[in-house]
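Working notes, structure below.
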There are 2 protein chains.
Amino acid sequence: MTDTLQDQKKPYHHGDLKHALVEAGLDILETEGLPGLTLRSIAARVGVSHTAPKNHFGSLRGLHTAIAAEGFRRHAVFMRDGLDGTSDRPTRLRAAANGYVRFARKHPALFELMFSPLLCDPSDAALQTASQASFAVLEDIADGLIWDKGRGADAGTKTQVMLWSFVHGYAKLMLSGQLPCGPDGSLLFSVNQIIPGFAYAD
Amino acid sequence: MTDTLQDQKKPYHHGDLKHALVEAGLDILETEGLPGLTLRSIAARVGVSHTAPKNHFGSLRGLHTAIAAEGFRRHAVFMRDGLDGTSDRPTRLRAAANGYVRFARKHPALFELMFSPLLCDPSDAALQTASQASFAVLEDIADGLIWDKGRGADAGTKTQVMLWSFVHGYAKLMLSGQLPCGPDGSLLFSVNQIIPGFAYAD
DNA sequence: CCCTTAACTTTCCATTGTAAATATATTCGC
DNA sequence: GCGAATATATTTACAATGGAAAGTTAAGGG
């Protein structure tokens, strides 16, 4: 509305600080990791005072939560990546699981933040939406998988829990360096080598 | 050696501060959780200055690491609990897996600390020993389990990774409240209900 | 045009972990 | 036993952090 004719627009005080702060936080996570993600460093990167974020996020926890929500959105993209154009279920399963782990390996600090209830607010609506959308990808993949002979009416949900738990645990243990490694330090088994143990009904 | 006849012994300055600090830390984790586990609060609980721990642990990180190591020892106890006197393998599997999850539920803050490379020092020898001893319980249980038709020479290790990942992921997702719950808030599936999907060869 | 409100800054403060210097008790050489 | 060396713990000081409070600037609405 108040757009002037000049391209060099500097809207109000900053523009949309809200978005810029989340971007800055994501950048910092990549370069300095979680310890570097302080209120002051995020604000400094954007060029505002360290109390500016309060107007938009309330507290550091609120900002953390917003960054984590964006993380879950990118997490879902990673999982969906490689799914397009493939209808073969085992292939889709491997692609999704691999995307889950690939994201954790590529963005370890962000992944850590996303699953830290102490840093984020699990009751935040936006975070829950993003988180559930991410898990929904795996949920879709798990449909039709066989686990525990598929007995019982809720066998499908049980299989989902099994698949989620495994992939998440694998990613977590990998990041904390507790999975068995070969002499060169590489992992003995990729998630892709273990996933085939799951079988589909058809 | 320098034991006097009186029972009211106050050895040197404190006694064994090292042990007392770890105990205090474990107590604080139970009552106040991870955020309450500060250098100053731990020291205050023991009744020493907040710089006293430095002599024994170097830094807060060192103290965190020692507390986590003790956590892994108790973790192993939880898993071994219920194993004694039972030779039935599926029963032993359920008992160990349930112990893993039961510990996480009963000591969530300690469990969180144990798997936080940012708070602990993963290269610490005592921590590694305790951690490996804990995982060795599951390793033993996993022996003979079938996964992925057992093909390949390292099928056993692959099964261990699968089992570890699943149990750990289940515990983690449970603590962050991301496992599916019923209307009353209780979990839909206990780890014991999922574990039977694993089968033994014999 | 003025008044209200949102966005942001400045200033201040309590809390935290750590370093340095100091004090005190234990241990060891003799 | 006795003094030096060492381990143990305290005091003091400091930089960094998140947050509260008050003030400043810009936008929007009557």
Side-chain angles (χ1 to χ4, degrees), chain A residues 1-4 6 8-25 28-29 32-68 109 113 116-121, chain B residues 1-4 6 8-25 28-29 32-68 109 113 116-121:
Chain A
M1 311 110 172
T2 52
D3 277 348
T4 64
Q6 41 185 338
Q8 289 264 21
K9 53 178 176 184
K10 247 188 222 173
Y12 324 75
H13 294 75
H14 173 270
D16 58 340
L17 222 186
K18 202 164 182 176
H19 181 252
L21 285 171
V22 172
E23 274 314 309
I28 289 176
L29 282 178
E32 306 172 39
L34 254 182
L37 197 67
T38 69
L39 200 48
R40 289 172 128 97
S41 78
I42 302 173
R45 176 171 287 237
V46 178
V48 295
S49 75
H50 80 280
T51 56
K54 187 173 193 179
N55 299 308
H56 302 278
F57 300 101
S59 68
L60 173 61
R61 188 181 174 80
L63 180 47
H64 275 159
T65 304
I67 296 172
L113 173 67
S116 297
L118 290 168
L119 300 177
C120 300
D121 178 11
Chain B
M1 311 105 171
T2 52
D3 278 347
T4 63
Q6 41 183 338
Q8 289 264 21
K9 52 179 177 183
K10 249 190 219 170
Y12 328 72
H13 294 76
H14 173 271
D16 59 338
L17 223 188
K18 202 165 181 176
H19 182 251
L21 286 171
V22 172
E23 276 310 312
I28 289 176
L29 282 177
E32 306 172 37
L34 253 183
L37 197 67
T38 69
L39 199 50
R40 290 171 127 97
S41 79
I42 303 173
R45 175 171 288 237
V46 177
V48 297
S49 76
H50 76 282
T51 56
K54 187 171 194 180
N55 298 308
H56 301 278
F57 301 101
S59 69
L60 173 62
R61 188 182 175 81
L63 180 47
H64 275 159
T65 304
I67 296 172
L113 172 67
S116 296
L118 290 168
L119 300 177
C120 300
D121 178 12

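This is a predicted model, so every value here is computed, not measured. Values reported hereafter were calculated over all heavy atoms of this structure, with side chains retained and with hydrogens, waters and symmetry mates removed. Chain letters run A, B, ... following the sequence lines, proteins first and then strands; every chain starts at 1.
- At a threshold of 4.0 angstrom between heavy atoms, the contacts of T38(B) are confined to the sugar-phosphate backbone, with no base atom among them.
- Between G36(A) and I28(A), the shortest heavy-atom contact is O-CG2, 3.4 Å.
- Following rounding to the nearest Å, L63(A) (CG) and dG19(D) (P) show an atom-to-atom distance of 10 Å.
- Per the geometry, CG belonging to L39(A) stands 13 Å off C1' belonging to dA20(D), to the nearest Å.
- Whole-Å rounding puts the H56(A) NE2 to dG18(D) C1' distance at 18 Å.
- Here the closest heavy-atom approach between residue G33(A) and residue A109(A) is recorded as CA-CB, 3.8 Å.
- Closest non-hydrogen pair, G25(B) versus I42(B), comes out as N-CG2, 4.2 Å.
- The phosphate of dA19(C) (OP1 or OP2) has a side-chain N or O of K54(B) nearer than 4.0 angstrom.
- Between the base of dT18(C) and the side chain of T51(B) there is no donor-acceptor pair shorter than 3.5 Å.
- The CZ atom of R40(B) sits 12 Å away from the C1' atom of dT11(D) (whole-angstrom rounding).
- Atom P of nucleotide dT16(C) and atom CG of L34(B) are separated by 15 Å, given to the nearest angstrom.
- Between atom OG1 of residue T38(A) and atom CG of residue L60(A) there is a gap of 8.0 Å, rounded to the nearest 0.5 Å.
- Rounded to whole Å, the distance from CG on N55(A) to C1' on dG19(D) is 13 Å.
- Rounded to a whole Å, the CG atom of D16(A) is 15 Å from the C1' atom of dC8(C).
- Closest to the L60(A) side chain, of the nucleotides dT9(C), dG18(D), dA9(D), is dG18(D).
- The nearest whole Å value for the distance from the NE2 atom in H50(B) to the P atom in dA19(C) is 11 Å.
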